[in-house]
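For reference, the structure discussed in these notes is given below.
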Number of protein chains: 2
Amino acid sequence: MSHSTNTNDLVERLRARGQRVTSQRLVILRALRRHGGHATVDEIHRAVLRDLPGTSTPTVYATLDLLVELGLARKLDVGVGASRYDGRTEPHQHMVCRRCGRIEDLDVELDVEALVRAADATGFQARDTELVISGVCAACAAKG
Amino acid sequence: MSHSTNTNDLVERLRARGQRVTSQRLVILRALRRHGGHATVDEIHRAVLRDLPGTSTPTVYATLDLLVELGLARKLDVGVGASRYDGRTEPHQHMVCRRCGRIEDLDVELDVEALVRAADATGFQARDTELVISGVCAACAAKG
DNA sequence: ATTGGTGCAAATCCTTTGCAATAGC
DNA sequence: GCTATTGCAAAGGATTTGCACCAAT
């Protein structure tokens, strides 16, 4: 069974927090998962409008941030253009091309343990870690 | 001798690339170094105006990006508020507080080798890595 | 003398806010 | 019915652009 359209996890988490299950929230999560990776708010918005015409920009922003808080999405800020949202929640890293802005996944283990321990030692309570490798993607390197 | 006001490295790198040594560039680098850590463009701009009145916003933006390209600064995007620039170029990581937005340094070794090798294997040419740990800082945790 | 850098003003882009209307509980 | 969510329009803030002028080479 595909994970893409199953929104039970969202429903459960909303109920657990006493928040409402709205069609916008369900549709936005599905759009994020259908996109696959690193969607901008605008891309999600356009996709959502097909299923739920009239959905507003502020709702998409608020909902994507809510999904992050619920642990169903990750927010990605690579310093070029708009923020991006990633429906993949398993640990993985990102590579961003300085020339074209393209973002790719990188599946490498990262010793988060040591980092979190070092952070804790300073009194900081670590919740999440985000690693971004910047450089030049294969396509742009080929162009010179 | 303090490193803060010595801009020989900038002069050398500009000459090497055939770019001009301007007072704006020197003053902006000094302001960045004097600030110490994680300055916003606006903070740098205000500091620069004291030494060089009339300096424009676009110049500060362009120059900070140039410093990054020259390897004399790092750009930090933590997804909340404006971009930040860091004059510390030695490898170190960053912690950002989700509540107050405060950014702190974390001096932990990170096995960049393995990451760069994995990136290279995909055809991506890695240039730099940036790790951000998000969570709650000691001060905000104390407030509950 | 050339032309890369700069200042100015304005535009653009991304994101958030205020408030009335709506829909989930 | 109560109140969290939503839609709309507008504001806000960060960053970039176009162009004329200036200053480093």
Side-chain angles (χ1 to χ4, degrees), chain A residues 7 10-29 31 38-46 48-70 73 75-85 98-99 101 103, chain B residues 7 10-29 31-32 38-46 48-70 73 75-85 98 101 103:
Chain A
T7 48
L10 173 55
V11 174
E12 279 166 26
R13 288 172 208 224
L14 286 173
R15 294 246 163 84
R17 293 168 42 130
Q19 291 186 279
R20 296 178 182 173
V21 178
T22 66
S23 47
Q24 287 88 343
R25 288 173 176 171
L26 299 175
V27 169
I28 288 168
L29 177 57
H38 322 131
T40 62
V41 174
D42 193 57
E43 286 167 346
I44 296 290
H45 193 192
R46 285 202 302 272
V48 166
L49 285 176
R50 280 180 236 125
D51 294 358
L52 206 61
T55 304
S56 72
T57 309
T59 296
V60 180
Y61 274 95
T63 302
L64 286 170
D65 285 341
L66 175 63
L67 293 177
V68 170
E69 222 181 298
L70 295 175
K75 189 179 183 185
L76 239 61
D77 286 282
V78 296
V80 56
S83 292
R84 292 171 178 275
Y85 289 85
R98 286 179 182 179
R99 302 256 181 89
I103 299 175
Chain B
T7 48
L10 173 55
V11 174
E12 278 167 25
R13 288 173 207 223
L14 287 172
R15 293 249 162 84
R17 293 169 41 132
Q19 291 186 280
R20 295 179 183 174
V21 178
T22 66
S23 47
Q24 287 87 344
R25 289 174 175 169
L26 298 175
V27 169
I28 288 168
L29 176 58
L32 177 66
H38 322 131
T40 62
V41 174
D42 193 58
E43 286 167 347
I44 296 290
H45 192 192
R46 285 202 302 271
V48 166
L49 286 176
R50 280 180 238 126
D51 294 357
L52 206 61
T55 304
S56 72
T57 309
T59 295
V60 180
Y61 275 95
T63 301
L64 287 170
D65 284 341
L66 174 63
L67 293 178
V68 171
E69 223 181 297
L70 294 175
K75 189 179 181 183
L76 240 60
D77 286 281
V78 296
V80 57
S83 292
R84 292 171 179 277
Y85 289 84
R98 287 177 181 180
I103 300 175

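In what follows, every heavy atom counts, from backbone to side chain, and hydrogens, waters and symmetry copies are set aside. Quick note on labels: first sequence line is chain A, next is B, and so on, each numbered from 1.
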Residue-phosphate contact under 4.0 Å: Gln19(A) side-chain N/O, dT5(D) OP1/OP2
yes

If you pin Asp77(B) and Val21(B) to their nearest nucleotides in DNA chain D, which one's is more 5'?
Asp77(B)

Which part of the nucleic acid, if any, lies within reach of Gly54(A) when heavy atoms closer than 4.0 Å are counted: base, sugar-phosphate only, or nothing?
sugar-phosphate

Using a 3.5 Å distance criterion without hydrogens, assess whether the side chain of His45(A) forms a donor-acceptor pair with backbone atoms of Tyr61(A).
no

So, OP1 or OP2 of dT16(C): does either fall under 4.0 Å of a side-chain N or O from Tyr61(A)?
no

Looking only at side-chain N and O atoms, does Gln24(B) come under 4.0 Å of OP1 or OP2 in dG7(C)?
yes

If you check every side-chain atom of Thr55(A), which of dA14(D), dT15(C), dG7(D) has the closest atom?
dG7(D)

Just N and O in the side chain of Thr22(A): are any of them under 4.0 Å from OP1 or OP2 of dT6(D)?
yes

Could you state the CG-C1' distance from Asp65(A) to dC14(C), rounded to the nearest angstrom?
13 Å

Do Tyr85(A) and Ile44(A) come close enough that some side-chain heavy atom pair is under 4.5 Å?
no

From CD of Glu43(A) over to P of dC13(C), roughly how many Å is that when rounded to an integer?
15 Å

Whole angstrom is fine here: how far is it from CG in Leu26(B) over to C1' in dT6(C)?
15 Å

Residue whose nearest DNA chain D nucleotide is more 5′ - Pro58(B) or Ser23(A)
Ser23(A)

Decide side-chain contact (heavy atoms from CB on, under 4.5 Å) for Leu14(A) and Leu66(A); before the verdict, give the C-alpha distance in whole Å, the side-chain angles of both, and the deciding distance to 0.1 Å.
CA-CA 10 Å; Leu14(A) 286 173; Leu66(A) 175 63; 4.0 Å; yes

Between atom CG in Leu64(B) and atom C1' in dG5(C), what is the gap in whole Å?
15 Å

To the nearest angstrom, how far is Lys75(B) atom NZ from dA14(D) atom P?
14 Å

Could you tell me if the side chain of Leu26(B) sits less than 4.5 Å from the side chain of Val11(B), heavy atoms only?
yes

Between Arg25(A) and the options Val27(A), Val21(A), Thr22(A), the side-chain contact (heavy atoms from CB on, under 4.5 Å) test singles out Thr22(A)

Between dT22(C) (C1') and Leu52(A) (CG): distance, integer Å
13 Å

In whole angstroms, the gap separating C1' of dG7(C) from CG of Leu49(B) amounts to 12 Å

Does a nitrogen or oxygen in the side chain of Arg20(B) sit under 4.0 Å from OP1 or OP2 of dT3(C)?
no

Closer than 4.0 Å, any side-chain N/O of Ser83(A) to the OP1 or OP2 of dT15(C)?
yes

Check the pair Val60(B) / Asp42(B) against side-chain contact (heavy atoms from CB on, under 4.5 Å), numbers first and verdict last.
CA-CA 9 Å; Val60(B) 180; Asp42(B) 193 58; over 6 Å; no

note: Leu66(B), atom CG; dA24(D), atom C1'; distance rounded to Å ~ 15 Å

Between dT16(C), dT15(D), dT6(C), which nucleotide has the shortest distance from any of its atoms to the side chain of Arg25(B)?
dT6(C)

Nucleotide nearest Ser56(B) when distance is taken to its side chain, options dT15(D), dC8(C), dT16(D)
dC8(C)

Within the pair Thr59(A) and dT5(D), is there a side-chain N or O less than 4.0 Å away from OP1 or OP2?
no

